[in-house]
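One structure is given here, and the rest of the page talks about it.
Just so you know, these numbers come straight off a predicted model, no measurement behind them. Atoms within each ligand, like the ligands themselves, are counted from 1 in listed order.
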Amino acid sequence: MKDLKLAGLKSERSSIEVRGVTLGGKEIILMGGPCAVESSIQMYESAKTVRKAGGKILRGGVFKPRTSPYSFQGLGLEGLNYLVQAAREQELLCVTEVIDAPSLDMVIDKVDIIQIGARNMQNFELLKLAGKIKKPVILKRGLSATIEEWLLAAEYILAAGNPQVILCERGIRTYEPSTRNTLDLSAVGVAKELSHLPVIVDPSHAAGRRDLISSLSKAAIAAGADGLLIETHPNPAEAVSDGPQSLTPEQFIQLAAELGAVAESVNRIFVLEAQKDKDTLESLRTQIDRIDQTIIESLAARMKIVRKVGDQKRLDRVKDTNREKEVLKRLDSRAKELELSPDLVKKIYPVIFEAAVQSQIKNKLAKDKNLERVSEL
Ligand code: PEP
Ligand code: MN
């Protein structure tokens, strides 16, 4: 392999340091998260799981190169913001896949690591672009790529000027149909024998089924992997992509708790102590912001219905003065159940009722004016 001028084995192995996390050192680095970013709450939950498990890096695809053009293609910029925010809240790094120049441009200043997926391993123009950036690149092995082709793909990135490449074995296509792909664990050893680059393993896309992820992850560490990239979803049954291979939060945390012993047996470490939930001031404020947004959205929805009710009342000549009293009574007892001060309800609701009436009046006036205009015509 004479062309592995930069990726070929040197006297020292490379380690890659990203904001305090070292890939290719003694420590096994756990990365996790959903296949695709779906919502802010999904990423918030996923980040909490990864942090609890002792993971360091949050994953989530926002540009999804799907086999079918009709499958979910990713949330793009909106999803990127959810990923970045969730990672920041839990003090994790984040990684996402890029598929072309525009997607690389969009994510480059926001994420810590970029991923080039199996389907793009030999997208040489993309590899050259990844060689121009100053952030680490996780390079997945292609669906049917030999180890030599994979390392030459890494060479493209190195030759273009970026020395920070992490190889990722994610299973290759074989004749065996009982798993999605066949995890080629010998590739970890071979890649490390031929190259100085760190190598991680993604058991999720290799197996395609969650029941095998735990044992394959442990086997990967025993085989010399420097890290693991594992899919986990707050509710795999409802995942928009790769649900069957995604671990539940409990399974992910359980697996992580079992990695330390395996790591130790091969003279590596995995930080065993589970990290506590990170309730920083920033993350608490973000949660409040999210709730405030929901309150405003609910109020807007209420107003819309109130205006419809106004129209309806006009039509039916209904006047139910007891309605406000009934509503207040119901909310008062609900507030008590939720240990919320009933005084708060008593203060807020008259304001909401008043605003509702005003809005109905305004609506009626606008409609009457419209009618006048029509009859004048
Ligand atoms: C992924 O990690 O989301 C992914 C699509 O993986 P791969 O490129 O290995 O199929
Ligand atoms: Mn996936």
Side-chain angles (χ1 to χ4, degrees), residues 29-38 42-43 46 50 55 57-69 71-76 79-80 82-83 94-100 103-104 107 111 113-123 126-127 130 136-145 147 149-150 153-154 157 165-174 179-185 187-188 191 199-210 212-213 216-217 220 225 227-248 252:
I29 303 299
L30 176 62
M31 316 176 197
C35 181
V37 175
E38 297 164 16
Q42 171 227 24
M43 290 316 294
S46 304
V50 172
I57 301 173
L58 181 66
R59 64 151 286 151
V62 299
F63 302 103
K64 300 301 301 173
R66 303 301 297 280
T67 302
S68 162
S71 302
F72 177 65
Q73 305 283 312
L75 285 185
L80 180 66
Y82 299 152
L83 168 73
C94 65
V95 57
T96 201
E97 177 172 355
V98 296
I99 51 174
D100 51 16
S103 59
L104 176 60
V107 312
V111 299
I113 302 174
I114 68 152
Q115 178 176 314
I116 294 187
R119 287 155 194 83
N120 274 312
M121 188 206 83
Q122 282 191 322
N123 180 341
L126 184 60
L127 297 176
V137 179
I138 291 179
L139 178 65
K140 296 262 194 124
R141 182 179 179 186
L143 304 173
S144 305
I147 296 171
E149 286 163 343
W150 184 28
I157 303 174
V165 177
I166 300 147
L167 298 165
C168 179
E169 160 61 37
R170 45 77 73 203
I172 47 172
R173 183 162 289 184
T174 69
T179 49
R180 182 173 174 181
N181 290 288
T182 296
L183 183 60
D184 180 10
L185 279 182
V188 177
V199 182
I200 63 168
V201 166
D202 167 356
S204 306
H205 291 88
R209 32 187 276 201
R210 76 173 66 85
L212 299 175
I213 305 302
L216 292 179
S217 300
L228 294 166
L229 180 62
I230 301 175
E231 286 184 342
T232 173
H233 190 284
N235 183 2
E238 282 182 8
V240 296
S241 67
D242 288 350
Q245 70 197 34
S246 299
L247 296 184
T248 62
F252 187 82

Which angle, to 10 degrees, forms at the Mn ion (ligand 2) with NE2 of H205 on one side and OD2 of D242 on the other? 100°

For atom 5 (C) of ligand 1, what's the nearest protein heavy atom and its distance? E97 OE1, 3.6 Å

Passing option when D202 is tested against K140, R170, R141 for salt bridge (Lys or Arg N to Asp or Glu O under 4.0 Å): K140

Nearest-neighbour protein heavy atom for atom 9 (O) of ligand 1, which is reported as residue plus atom name and distance: R170 NE, 2.6 Å

Residue E231 atom name (nearest to the Mn ion (ligand 2); N/O/S): OE2

I need the atoms of ligand 1 closer than 4.0 Å to a non-hydrogen atom of G117, numbered in the order shown. 8 (O)

So for R141, does at least one of its heavy atoms come nearer than 4.0 angstrom to any atom of ligand 1? no

Counting non-hydrogen protein atoms only, what is the nearest one to atom 8 (O) of ligand 1? Give residue, atom name and distance. A118 N, 2.7 Å

Starting from atom 4 (C) of ligand 1, which protein heavy atom do you reach first, and at what distance in Å? H205 NE2, 3.5 Å

Thinking salt bridges, do R59 and E231 make one under a 4.0 Å N-O criterion? yes

Can a donor-acceptor pair be found, under 3.5 Å and without considering hydrogens, that links the side chain of R210 to the backbone of G243? yes

Suppose we measure from atom 6 (O) of ligand 1 to each protein heavy atom; which comes out shortest, and what is that distance? K140 NZ, 2.8 Å

Side chain W150, main chain L139, donor-acceptor under 3.5 Å: yes

Does the side chain of S46 come within less than 4.5 Å of P234's, by heavy atoms? yes

For residues E238 and E38, determine if any side-chain heavy atom of one lies less than 4.5 Å from a side-chain heavy atom of the other. no

Regarding D242 and R180, does a basic nitrogen lie under 4.0 Å from an acidic carboxylate oxygen? yes

Which residue and atom name correspond to the protein heavy atom nearest atom 3 (O) of ligand 1, and how close is it? R59 NH2, 2.8 Å

